[in-house]
Protein chains: 2
Amino acid sequence: MMEYNVYASACPTRMIFDRLSDKWSLLILHRLRGQPVRFNQLLREIDGISQKMLSQTLKNLERDGLIKREAFPTVPVTVEYSITPLGKTLSSTVGILIRWAQDNGDAVLAAQAEYDERLAS
Amino acid sequence: MMEYNVYASACPTRMIFDRLSDKWSLLILHRLRGQPVRFNQLLREIDGISQKMLSQTLKNLERDGLIKREAFPTVPVTVEYSITPLGKTLSSTVGILIRWAQDNGDAVLAAQAEYDERLAS
DNA sequence: CAGCATCCAAGATGATACTG
DNA sequence: CAGTATCATCTTGGATGCTG
């Protein structure tokens, strides 16, 4: 198996990693891990995201083959975003990452408080 | 166990997740998973990072309790960054994420190419 | 409903020069 | 060597109006 140097910018692995290291991609992918979700529902649920960034991030994820966009000919039109098999494999990893944050959030916040305290004194 | 809504911006888990969802944090953490590394070595190895962002990201990771900074009174001064036990638990998850990118990079690039092809035609 | 286009503001990131 | 300071730029976001 071919091994890459992930710290080199030309490395394909690094390219993918960079693509996903933005503010919204992994969070949205995680939200889509279950049932399909509609655009405006995502907009309501993902706190703090703008319509523009949601639209842009969904398009990128679709381009990466991680999610699928399906439009239904209702009036007005209905659009559902769902996860692909490829995306599914990634979202389970993201789930582990979020679980980590869930489990260790307190420790991180405590470390931050202690760090800030040391600076102030 | 308390459960949070990770999609709400006030959620502690979401706050931690947001903190780590920047361009460099996870990559640097991953690089530090083994032996301690010095500042300029990181600067050389992490392709594309600027001195400013390296400095800033290291400071944030230290504040989060994920890495440790140690200065040695040599001339000129030597500084080593190493991972903490808390950081270790996160870096193994990041390793899984990078492994995913390693294994599925080709599939993503293929999806991107196909997507672009569909648009061009 | 599910977007796109535009303009402007704010924040994140980068390049360069300088220092103990 | 390991940074900081300053200025420039690129990315991201908010607001608004418009469309099928």
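Everything numeric here is computed off the predicted structure, so don't read it as measured data. Note that these values count all heavy atoms, side chains included, but never hydrogens, waters or copies made by symmetry. Throughout, a chain's letter reflects where its sequence line sits, starting with A, and its residues are numbered from 1.
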Next item on the list: Measure from CG on Leu42(B) to P on dC1(D) and round the result to the nearest Å.
Entry: 13 Å
Next item on the list: Side chain of Arg44(B) only, please: which of dC1(D), dA2(D), dC7(C) is the nearest?
Entry: dC1(D)
Item checked: Below 4.0 Å: OP1/OP2 of dG3(D) and any side-chain N or O of Arg69(B) -> yes
Check: Are any side-chain N or O atoms of Arg33(A) and backbone N or O atoms of His30(A), one a donor and one an acceptor, separated by less than 3.5 Å?
Finding: yes
Notebook entry, point to check: In whole Å, what is the span from the CD1 atom of Ile46(A) to the P atom of dT12(D)?
Noted result: 17 Å
Check: dA12(C) phosphate, OP1 or OP2: any side-chain N/O from Trp24(B) under 4.0 angstrom?
Finding: no
Check: Distance check: side-chain N/O of Ser55(B) vs OP1/OP2 of dT4(D), anything under 4.0 Å?
Finding: yes
Item checked: Nucleotide nearest Asn40(B) when distance is taken to its side chain, options dA2(D), dA2(C), dG13(D) -> dA2(D)
Next item on the list: Calculate the interatomic distance between Glu62(A) atom CD and dA2(C) atom P; express it in whole Å.
Entry: 15 Å
Next item on the list: From the options dG14(C), dG14(D), dC1(C), select the nucleotide whose nearest atom is closest to the side chain of Ser50(A).
Entry: dG14(D)
Check: Under the 3.5 angstrom rule, does the side chain of Thr93(A) hit a backbone N or O of Ile96(B) as a donor-acceptor pair?
Finding: no
Notebook entry, point to check: Picking from dG3(D), dC4(C), dT12(D), which would you name as closest to the side chain of Gln51(A)?
Noted result: dC4(C)
Item checked: Sub-4.5 Å side-chain heavy-atom contact between Thr57(A) and Leu27(A) -> no
Notebook entry, point to check: Heavy atoms, side chains only, cut-off 4.5 Å: are Lys23(B) and Met53(B) in contact?
Noted result: no
Next item on the list: Using atom CD1 of Ile49(B) as one end and atom C1' of dA15(C) as the other, report the distance to the nearest whole Å.
Entry: 14 Å
Notebook entry, point to check: In terms of side-chain heavy atoms of Lys23(A), which of dC1(C), dT12(D), dA17(C) is nearest?
Noted result: dT12(D)
Checklist line | Interatomic distance where CD belongs to Glu80(B) and P belongs to dC1(D) [whole Å] | finding: 14 Å
Next item on the list: Please state how far atom CG in Leu58(A) lies from atom C1' in dC4(C), giving the value in whole angstrom units.
Entry: 14 Å
Check: Given Arg19(A) and Ser25(A), is the side-chain contact (heavy atoms from CB on, under 4.5 Å) satisfied, shown in steps?
Finding: CA-CA 9 Å; Arg19(A) 235 302 282 127; Ser25(A) 289; 3.4 Å; yes
Margin query: Closest approach to the side chain of Val77(A), judged atom by atom: which nucleotide of dG14(C), dC4(C), dG20(D) is it?
Written below: dG20(D)
Next item on the list: Provide, to the nearest angstrom, the distance between the CG atom belonging to Leu27(B) and the P atom belonging to dT13(C).
Entry: 13 Å
Next item on the list: Send over the distance from Gln56(B) CD to dG3(D) P, rounded to a whole Å.
Entry: 14 Å
Check: Is any side-chain heavy atom of Asp116(B) closer than 4.5 Å to a side-chain heavy atom of Arg63(A)?
Finding: yes
Margin query: dA2(C), OP1 or OP2 - any side-chain N/O from Arg38(A) closer than 4.0 Å?
Written below: yes
Item checked: Under-4.0 Å side-chain N/O to phosphate OP1/OP2 contact, Tyr81(A) with dG3(C) -> yes
Next item on the list: Answer with base, sugar-phosphate or nothing: what part of the nucleic acid does Phe72(B) contact at a heavy-atom distance below 4.0 Å?
Entry: nothing
Next item on the list: Could you check whether Val79(B) gets within reach of a base, just the sugar-phosphate, or nothing at all, counting any heavy atom under 4.0 Å?
Entry: sugar-phosphate
Checklist line | 5' priority, DNA chain C, between Lys52(A) and Thr78(A) [closest heavy atom] | finding: Thr78(A)
